[in-house]
Amino acid sequence: MKKFSALLLTLVMVLSLAACGSKTEPAAATKEPAAEASFTTVEAGKLHMSTSADFPPYEMIADDGSFEGIDVEVAQAIADKLGLELVVDDMDFDAALLAAQNGQSDIVMAGVTVNEERLAVMDFSDSYATGVQVVIVKEDSPIQSVDDLANAEMIGCQKATTGYIYCSDTVENGGYGEDHVTAYDTGATAVMALVNGQVDAVVIDNEPAKAFVAANPGLKILDTEFAVEDYAIGLKKGNTQLLDAINGAMAELKADGTFQAIVDKYITAE
């Protein structure tokens, strides 16, 4: 009888241990750590955006000194998606491009057009907007079409922009030559040069052109488009993991309507 009781007790202990063992696997699975982000940024936990905040409505300085505009809000939405704090670094346009190219900032957003020259030194996200280059002149200007630009003594452009690149190119390549183009640090400075009679026309993107013309009576935008381009986010070449993360975040912002809501806030349908 004692042998039987001992055998029964041993059997109960074995079954009990087996039952405990069957519960350890799912318990361990619930403690699996969350996957960490595979990309790295210039400063841990932050997304540095270099820009030139003189390009309304994409980036500009608000009355309280903060930054606002389409690019700023889109960058903020992307940073939120990636769990990062957005830091806006304001500088000249060409410096903003170089900052991203050299890895001093994570991204550059400043109405940046994708072209072959920039693709050689930077990587770009999927396009998020279409940019149209236009021509601003005085209302009584003899320049009434893009073709008339060939007769301009001097054309003003913002330094390092595609408008400057196109206009300063040789006549054989469709430009007007460097001698007929003056580069300014900002689009606003180029427009002031037009107001003061230092240049005959300004080639600049359509949306900021509207803002500059509205703020300066006596100017107008020619009906003919100068060029049509794609805007995208620039990054240091080879930073593939951050690029993929940004493209994924942008796709989500477009899909859920956030991106369009930001654009509609600054650009009203005509």
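Count residues from 1 along the sequence.
- Counting only N and O atoms by type, the side chains of D256 and T258 include a donor and acceptor under 3.5 Å apart.
- N102 places no side-chain N or O within 3.5 Å of a backbone atom of Q104 that could act as its donor or acceptor partner.
- Just one residue in the list I204, V203, N216 forms a side chain to side chain contact (heavy atoms under 4.5 Å, CB included) with I136, and that residue is I204.
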With a 3.5 Å cut-off and sequence neighbours excluded, list the donor-acceptor pairs that the side chains of residues 217-224 form with protein atoms.
from	atom 1	to	atom 2	distance (Å)
K220	NZ	Q144	OE1	2.8

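- Checking side-chain atoms of S105 against main-chain N and O of A100 turns up a donor-acceptor pair under 3.5 Å.
- S127 places a side-chain N or O within donor-acceptor distance of the main-chain N or O of Y231, the cut-off being under 3.5 Å.
- At distances below 3.5 Å, not a single donor-acceptor pair connects side-chain atoms of S52 with backbone N or O atoms of D92.
- Side-chain atoms of D123 never come within 3.5 Å of backbone atoms of L235 as a donor-acceptor pair (strictly under, hydrogens ignored).
- Alongside V121, the hydrophobic cluster contains F93, L97, V108, V112, V114, L119, M122, F124 (criterion: ILVMFWY side chains under 4.5 Å).
- Between M60 atom CE and D71 atom CG the span is 10.0 Å, to the nearest 0.5 Å.
- For the residue pair N115 and T113, no side-chain donor N or O sits within less than 3.5 Å of a side-chain acceptor on the partner.
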Requested in this report: Might you work through the side-chain contact (heavy atoms from CB on, under 4.5 Å) test for L149 and F226, ending with a clear yes or no?
Outcome: CA-CA 10 Å; L149 276 179; F226 184 78; 3.8 Å; yes

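- Checking side-chain atoms of S66 against main-chain N and O of A62 turns up no donor-acceptor pair under 3.5 Å.
- Under a cut-off of 6.0 angstrom, the local environment of CD in E153 is sparse, with at most 12 non-hydrogen atoms contributed by other residues, nucleotides or ligands.
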Query raised in the report: Would V88 and E59 satisfy side-chain contact (heavy atoms from CB on, under 4.5 Å), going step by step from the backbone distance to the final call?
Result: CA-CA 10 Å; V88 179; E59 37 269 317; over 6 Å; no

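- In summary, the side chains of E207 and Y266 do not present any donor paired with an acceptor at a separation below 3.5 Å, with no hydrogens or angles considered.
- No donor-acceptor distance shorter than 3.5 angstrom exists from the side chain of D94 to the backbone of A160, with no hydrogens or angles considered.
- Side chain of T41 to backbone of L47: no donor-acceptor contact under 3.5 angstrom is found.
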Could you give the side-chain donor-acceptor pairs of residues 238-253 under 3.5 Å, partners two or more places apart or in another chain?
from	atom 1	to	atom 2	distance (Å)
T240	OG1	G238	O	3.4
N247	OD1	D126	N	2.9
E252	OE1	K81	NZ	3.1

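- To the nearest 0.5 angstrom, Q76 atom CD is 8.5 Å from E85 atom CD.
- Looking at D205 and Q133, their side chains do bring a donor and an acceptor atom within 3.5 Å of each other.
- Side-chain atoms of Y166 and E229 include a donor-acceptor pair closer than 3.5 Å.
- Under a cut-off of 6.0 angstrom, the local environment of CG in D63 is sparse, with at most 12 non-hydrogen atoms contributed by other residues, nucleotides or ligands.
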